[in-house]
Amino acid sequence: MQRLKRATITVGVLMAATAIVPVLSASPASAHAACGVSVDDKDSNTWRATGGGANMRSGSSTSCGIKGTAGSGQRLDYHCYTRGSDGYTWTFLRNDSTGKTGWVRDDLLSDGGSSVHCGF
């Protein structure tokens with residue numbers, strides 16, 4: 001009987017823990033930024049620089065057109081990030097050196113991009 005009680009309690013605890021896991025691992029909902037989408041500056045952090053000449057695109061996808069590049073050592077103003085349909089996060093930014101804006105995949109930015117979610 002004692003063994004049966006322990007097994008019942010263990011199963012109950014495991015079921016409760018499993019129910020909590022999705023809540024603990026939930027992240028902000030993210031959606032792909034369609035080609036042509038731009039966003040206001042939501043990230044008030046200081047200027048940053050990329051590690052190399054990353055393409056700045058009109059949306060958070062490599063299928064969107066290239067609007068410019070974010071070159072090594074150029075000053076960039078991060079606006080916010082979202083998750084692209086490719087599973088990567090993308091930051092919308094303004095290249096202070098050229099005045100152009102666009103989306104850059106975060107793994108191409110030396111510091112990983114913006115830490116402020118765009119909200120979509």
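Sequence positions, counted from 1, serve as the residue numbers for this chain. For clarity, every value in this text was computed on a predicted model and none was experimentally measured.
Side-chain contact check for F92 versus V37: every heavy-atom pair is 4.5 Å or farther apart. Inter-residue side-chain proximity for D43 and D41 is flagged as met; some heavy-atom pair is nearer than 4.5 Å. Counting only heavy atoms from C-beta outward, the side chains of M56 and L93 approach each other to under 4.5 Å.
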Yes or no on side-chain contact (heavy atoms from CB on, under 4.5 Å) for D77 and R75, after CA distance, side-chain angles and deciding distance?
-> CA-CA 7 Å; D77 181 11; R75 291 170 39 122; over 6 Å; no

Taking it one step at a time, do T91 and R105 satisfy side-chain contact (heavy atoms from CB on, under 4.5 Å)?
-> CA-CA 6 Å; T91 291; R105 210 170 76 184; over 6 Å; no

Starting from the C-alpha separation in whole Å, work towards a yes-or-no answer on side-chain contact (heavy atoms from CB on, under 4.5 Å) for L109 and L76.
-> CA-CA 10 Å; L109 297 169; L76 307 174; 4.2 Å; yes

Determine, step by step, whether F120 and V39 satisfy the side-chain contact (heavy atoms from CB on, under 4.5 Å) criterion, reporting the C-alpha distance in whole Å, the side-chain angles of both residues, the deciding distance to 0.1 Å, and the verdict.
-> CA-CA 10 Å; F120 60 88; V39 292; 3.6 Å; yes

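For the residue pair N55 and T69, no side-chain donor N or O sits within less than 3.5 Å of a side-chain acceptor on the partner. With 3.5 Å as the limit, one finds a donor-acceptor pair spanning the side chains of Y78 and D111.
Shortest non-hydrogen contact noted between C64 and S58 is CB-OG, 3.4 Å. When all heavy atoms are compared, the tightest approach of A33 to W103 is CB-CZ2, 3.4 Å.
Side chain of S114 to backbone of V116: a donor-acceptor contact under 3.5 angstrom is found. The closest donor-acceptor contact from the side chain of K42 to the backbone of H117 lies at 3.5 Å or more, if one exists at all. Side chain of H32 to main chain of R83: no donor-acceptor pair is present (N/O by atom type, distance under 3.5 Å, no hydrogens or angles).
The pair R94-D96 meets the salt-bridge criterion, with a side-chain N (NZ, NE, NH1 or NH2) lying under 4.0 Å from an Asp/Glu carboxylate O.
Residues meeting the side chain to side chain contact (heavy atoms under 4.5 Å, CB included) test with T62, sequence neighbours left out: R57, W90. Partners of T98 by side chain to side chain contact (heavy atoms under 4.5 Å, CB included), not counting sequence neighbours, listed by chain and number: Q74, N95, K100.
Taking NE2 of H79 as the reference point, atom OG of S44 lies at 11.5 Å (rounded to 0.5 Å).
A disulfide (SG to SG under 2.5 Å) check over residues 85-120, counting only residues at least two apart or in different chains, returns the pairs C80-C118.
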